[in-house]
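The structure under discussion appears below in the form of structure tokens.
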Amino acid sequence: MSRESKLTPRSEDYNQWYLDVIQAAELADYSPVKGCMVIRPNGYALWEMIQRQLDEMFKDTGHVNAYFPLLIPESFLQKEAEHVEGFAPECAVVTHGGGHELEEPLVIRPTSETIIWSMYRKWISSHRDLPILINQWANVLRWEMRTRLFLRTTEFLWQEGHTAHATEAEAEAETLQMLEVYRRFAEDYLAIPVIPGLKTDREKFAGAVRTYTIEAMMQDRRALQAGTSHNLGQNFARAFDVTFQAEDGERRLVWATSWGVSTRLIGALIMCHSDDKGLVVPPRLAATKAVVVPILGKKADPERLLAEARKVAAETGLGRAVKVDDRENVSPGWKYHDWEQRGVPVRIELGPRDLEQDQVVLVRRDSGEKIPTPRAGLERALADQLEGIQAGLFERARALREEHSYKVDDEEGFRARIEAPDGFLLAHWCGDEACEIRIQEETKATIRCIPLDAEPEQGSCPFCGKPSDRRVVFAKAY
RNA sequence: CGGGGCGUAGCGCAGCCUGGUUAGCGCGCCUGCCUUGGGAGCAGGAAGUCGGCGGUUCAAAUCCGCCCGCCCCGACCA
């Protein structure tokens, strides 16, 4: 029996459980610098899968990748009023280089709008130069007061798309298109159901006209913003004087969007699917989709068993995504726990008895179900199980969200519901920021978004009683 | 920045209150034997600036002071 220390149960301390899962799966480690983290190979593999898929989706929608520099002249940040107000406090500033104090301090990018729009000014002169559809994969740095692995770290990896358009309508269409790309990615690959919606002015990006978001519910029923897409209007074009000559000969300001997702998605993935045994990775995102565990022992010729295990791996048709655990110094039971902690979707057991019966035993990470499977039909059976897991994880997460989404119509009901164990509160809101602030101060709940598919419905704000024509999503958030 | 907790071997901890030879324990690690269908067993072994600096003392992991770091909880944010 095990004498290993187990993970803190989710039910006991969700936050500690989250940290335990990360450690047990070797996803990340703390760096010597406060607030920064080292993304270990297992964690980086998840990021690579995210990158690979999203990059395809970006390119399918006409975008190209480029790279803009890490260092930005401090003055650039100050060109857009709201933007500077939003980011100045959390910027790290380089003041020295080459042993001398710099003439102008350089800010380490907290986001790249300013450096990019300073370049767009050079690149755009005619309507024929538009649209510009650029994305970049990069690191950014924000001096956060409080950090949490993956969810909020001082430095993080992300992608930021920055597009320039001739018309407002085109920019809005782009903003919504990318939100939809994010929604599809989150649901089809991360298996995380999300609510696409509009942020309130209070919650929107500093410098944006409108911010759209996809909001997800974690297993502790708190909300997590998983991606954002901004319609920047002409704010940055104005700040950096970026104009183009239209067909009619007139010079006009360019319309802009930006959109991004970050390594925070890995945090979402962990908090959405994992369990008391450790990480659970949706098959489509798993670099290792299956692992063959040979049951070595005296009952069968170990050499032969190992050779068969390797054959089984080949029979899965998974290529690099299947591993054979041929370690001889640890028991099969140890290996089971080891791979479960790492979230590998399917374990393939192969022992002497299986060998006799020309079969393997598939074990699902999500349910623990053991499925004896003939060798002959392995590839197909395994593919089916992987699909089943992918769909099952999404469905389970969706069910949890539905179960914990409540319509509330009065202040008392609102206050009662928002106390632990929380959930999404679908309530009317008058649209007044003062009311929004008051609700946050008194209940800790924020408006996560105004869902895009919200049906028009007459009602009244549960706090001030003023009329409202649609429900919004309130929740406690990460 | 406030509140709480913690710093002793790679990890988790005991020892500290009541100072006293070579600072312990579990896991992990190394070697060998033996095992292997849910975290095996035996034997041997390596591994420590006790977070740092200063003070008290014949003597400090232990008492006192200052400092540093990290984690968790809150206010800001993706």
Side-chain angles (χ1 to χ4, degrees), chain A residues 1-8 13-16 18-20 23-24 26 29-37 85-91 110-111 140-160 182 199 202-206 211 213-216 223-230 258-268 277-278 293-300 302 305-306 325-341 347 349-356 360-361 363 368 370 372 440-441 444 446 476-478:
Chain A
M1 267 286 98
S2 164
R3 266 176 287 163
E4 288 283 309
S5 57
K6 290 197 170 150
L7 308 184
T8 305
D13 183 344
Y14 190 83
N15 191 55
Q16 191 56 48
Y18 172 76
L19 296 169
D20 286 355
Q23 209 216 344
E26 297 180 348
D29 206 344
Y30 296 102
S31 92
V33 177
K34 181 179 168 64
C36 295
M37 70 170 170
E85 196 184 324
F87 283 105
E90 56 188 65
C91 285
T111 178
V140 289
L141 199 135
R142 300 179 187 178
W143 213 265
E144 301 291 350
M145 296 178 196
R146 187 166 161 227
T147 56
R148 285 162 60 81
L149 292 179
F150 290 113
L151 296 179
R152 182 173 303 105
T153 48
T154 301
E155 179 188 1
F156 58 94
L157 305 183
W158 77 345
Q159 57 70 214
E160 44 181 330
Y182 289 157
K199 283 290 188 189
R202 177 175 162 74
E203 299 278 335
K204 76 177 168 64
F205 173 72
T211 290
T213 177
I214 50 172
E215 295 285 327
L224 184 82
Q225 177 175 305
T228 49
S229 183
H230 315 288
S258 71
W259 26 274
V261 298
S262 72
T263 36
R264 173 177 248 207
L265 286 178
I266 297 172
K277 290 195 282 190
V293 177
I295 316 295
L296 303 168
K298 274 202 201 151
K299 283 173 255 171
L305 195 58
L306 257 183
D325 190 343
D326 58 4
R327 288 175 290 179
E328 291 173 15
N329 58 331
V330 292
S331 67
W334 197 93
K335 291 176 184 177
Y336 298 168
H337 287 271
D338 196 33
W339 293 107
E340 280 165 0
Q341 285 186 340
R347 177 173 77 241
E349 299 180 3
L350 179 72
R353 295 204 296 272
D354 300 311
L355 222 48
E356 281 170 25
V360 296
V361 178
V363 186
K370 297 195 173 189
Q440 180 176 0
E441 283 174 351
K444 305 293 179 203
T446 51
K476 288 183 189 167
Y478 277 98

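Proteins come first, then strands; the chains are lettered A, B, ... in the order of their sequence lines, and each starts at number 1. Just so it is clear, the structure is predicted and the values come from calculations on it, not from any experiment. What you see below is based on every heavy atom in this structure, not just the backbone, and it leaves out hydrogens, waters and symmetry mates.
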Notebook entry, point to check: Can you tell me how far C1' of G39(B) sits from CH2 of Trp334(A), to the nearest Å?
Noted result: 8 Å

Check: Could you state the interatomic distance from CD1 (Ile295(A)) to NZ (Lys335(A)), rounded to the nearest 0.5 Å?
Finding: 8.0 Å

Next item on the list: Taking ring pair (Phe, Tyr, Trp, His ring centres under 6.0 Å) as the test, write out the residues that go with Phe205(A), two or more places apart.
Entry: His83(A), Phe87(A), His230(A)

Check: Could a donor-acceptor pair under 3.5 angstrom be found where the side chain of Glu349(A) meets the base of G38(B)?
Finding: no

Note to self: If I pick the C1' atom on C50(B) and the same atom on C34(B), what distance separates them, to the nearest angstrom?
What the structure shows: 38 Å

Next item on the list: Please state the P separation for the pair G19(B) and G2(B) - nearest whole angstrom.
Entry: 35 Å

Next item on the list: May I ask you to say what Gly333(A) touches in the nucleic acid, namely base, sugar-phosphate or nothing, with a heavy-atom cut-off under 4.0 Å?
Entry: sugar-phosphate

Note to self: Between C1' on C27(B) and NE2 on His337(A), what's the gap in Å once rounded to a whole number?
What the structure shows: 15 Å

Check: Rounded to whole angstrom units, what separation is found between the OH atom of Tyr14(A) and the C1' atom of C72(B)?
Finding: 17 Å

Notebook entry, point to check: Taking atom P of C71(B) as reference, at what distance in whole Å does atom CG of Leu149(A) sit?
Noted result: 8 Å

Next item on the list: Determine the interatomic distance between P on G28(B) and the same-named atom on C67(B); round to the nearest Å.
Entry: 41 Å

Margin query: Give me the distance, rounded to whole Å, that separates U35(B) from G51(B) when you measure between the P atoms they each carry.
Written below: 45 Å

Margin query: Taking any heavy-atom pair under 4.0 Å as a contact, classify Val261(A): base, sugar-phosphate, or nothing.
Written below: nothing

Next item on the list: Mind checking the CE-CZ spacing from Met37(A) to Phe156(A)? Nearest 0.5 Å is all I need.
Entry: 10.0 Å

Check: Which base sits across from C6(B) as a Watson-Crick or G-U pair, both distances under 3.5 Å?
Finding: G69(B)

Check: When the distance from CG of Leu355(A) to C1' of G37(B) is rounded to whole Å, what number comes out?
Finding: 13 Å

Next item on the list: Please work out if Arg148(A) contacts a base, only the sugar-phosphate, or nothing of the nucleic acid, heavy-atom cut-off 4.0 Å.
Entry: sugar-phosphate

Checklist line | Strand partner of G19(B), provided both Watson-Crick or wobble distances fall under 3.5 Å | finding: none

Check: Can you tell me how far CG of Leu7(A) sits from CG of Asp13(A), rounded to the nearest 0.5 angstrom?
Finding: 12.0 Å

Margin query: Measure CD/Glu328(A) against C1'/C34(B) and give the value in whole Å, please.
Written below: 14 Å

Next item on the list: Give none if G48(B) has no partner; otherwise give the nucleotide forming a Watson-Crick or G-U wobble pair with it, both distances under 3.5 Å.
Entry: none

Notebook entry, point to check: Which one is paired to A59(B), where only Watson-Crick or G-U wobble pairs with both distances under 3.5 angstrom count?
Noted result: none

Checklist line | Identified pairing partner of G37(B), criterion: Watson-Crick or G-U wobble below 3.5 Å | finding: none

Next item on the list: Carefully, step by step, assess Val363(A) and Glu349(A) under the rule side chain to side chain contact (heavy atoms under 4.5 Å, CB included).
Entry: CA-CA 8 Å; Val363(A) 186; Glu349(A) 299 180 3; 3.6 Å; yes

Item checked: Whole-angstrom distance between G26(B) and A14(B), as gauged at atom P -> 15 Å

Check: Using purine N1 to pyrimidine N3 plus N6-O4 or O6-N4 for Watson-Crick, or N1-O2 and O6-N3 for G-U wobble, both under 3.5 Å, which nucleotide pairs with A78(B)?
Finding: none

Margin query: My understanding is that a pair needs two contacts under 3.5 Å, Watson-Crick or G-U wobble. By that rule, which nucleotide pairs with C25(B)?
Written below: G12(B)

Checklist line | Gln341(A) CD - G28(B) P separation (whole Å) | finding: 13 Å

Notebook entry, point to check: If you check the Glu340(A) side chain, which of G38(B), C72(B), G39(B) turns out closest?
Noted result: G38(B)

Checklist line | Separation between the P atoms of C11(B) and A59(B), rounded to whole Å | finding: 33 Å

Next item on the list: Starting at CG of Leu149(A), measure out to CD1 of Ile266(A) and round the result to the nearest 0.5 Å.
Entry: 11.0 Å

Note to self: Any base atoms under 4.0 Å from Asp354(A), or only sugar-phosphate, or nothing? Heavy atoms, all strands.
What the structure shows: base

Note to self: Under 3.5 Å for both donor-acceptor distances, Watson-Crick or wobble: does C42(B) have a partner, and if so which one?
What the structure shows: G32(B)

Next item on the list: Measure the distance from CD on Gln23(A) to C1' on G12(B) and round it to the nearest whole Å.
Entry: 10 Å

Notebook entry, point to check: Base, sugar-phosphate, or nothing for Pro352(A), non-hydrogen atoms under 4.0 angstrom?
Noted result: base

Checklist line | Pairwise P distance, G20(B) and C27(B) [rounded to whole Å] | finding: 28 Å

Next item on the list: Check Thr154(A) against Cys36(A) and note the closest heavy-atom contact, atom names and distance.
Entry: CB-SG, 4.0 Å

Might you list the N or O atoms of the protein lying below 3.5 Å from N or O atoms in nucleotides 74-78 of chain B, with each pair's distance?
residue : atom : partner   : partner atom : Å
G74(B)  : OP2  : Arg146(A) : NH1          : 3.0
A75(B)  : OP1  : Lys444(A) : NZ           : 3.3
C77(B)  : O2'  : Glu144(A) : OE2          : 3.2
C77(B)  : O2   : Arg152(A) : NE           : 2.2
C77(B)  : O2   : Arg152(A) : NH2          : 2.8
C77(B)  : N3   : Arg152(A) : NE           : 3.2
C77(B)  : N3   : Arg152(A) : NH2          : 2.4
A78(B)  : O3'  : Gln225(A) : NE2          : 2.2
A78(B)  : O3'  : Arg264(A) : NH1          : 3.4
A78(B)  : O2'  : Arg264(A) : NH1          : 2.5
A78(B)  : O2'  : Arg264(A) : NH2          : 3.1
A78(B)  : N6   : Thr153(A) : N            : 3.4
A78(B)  : N6   : Thr153(A) : O            : 2.6

Next item on the list: Could you work out the separation of C6(B) and G12(B) based on their P atoms and round it to a whole Å?
Entry: 14 Å

Notebook entry, point to check: With a cut-off of under 6.0 Å to the ring centre and 45° to the axis, is Arg347(A) in cation-pi contact with Tyr336(A)?
Noted result: yes

Check: Which part of the nucleic acid does Glu441(A) contact within heavy-atom distance under 4.0 Å: base, sugar-phosphate only, or nothing?
Finding: nothing

Notebook entry, point to check: Roughly how far, to the nearest 0.5 Å, is CZ of Arg264(A) from CG of Leu151(A)?
Noted result: 6.0 Å

Checklist line | From Arg148(A) atom CZ to Thr153(A) atom OG1, the distance as rounded to the nearest 0.5 Å | finding: 12.0 Å

Notebook entry, point to check: Considering only heavy atoms and no angle criterion, is a donor-acceptor pair shorter than 3.5 Å present between the side chain of Asp338(A) and the base of G39(B)?
Noted result: no

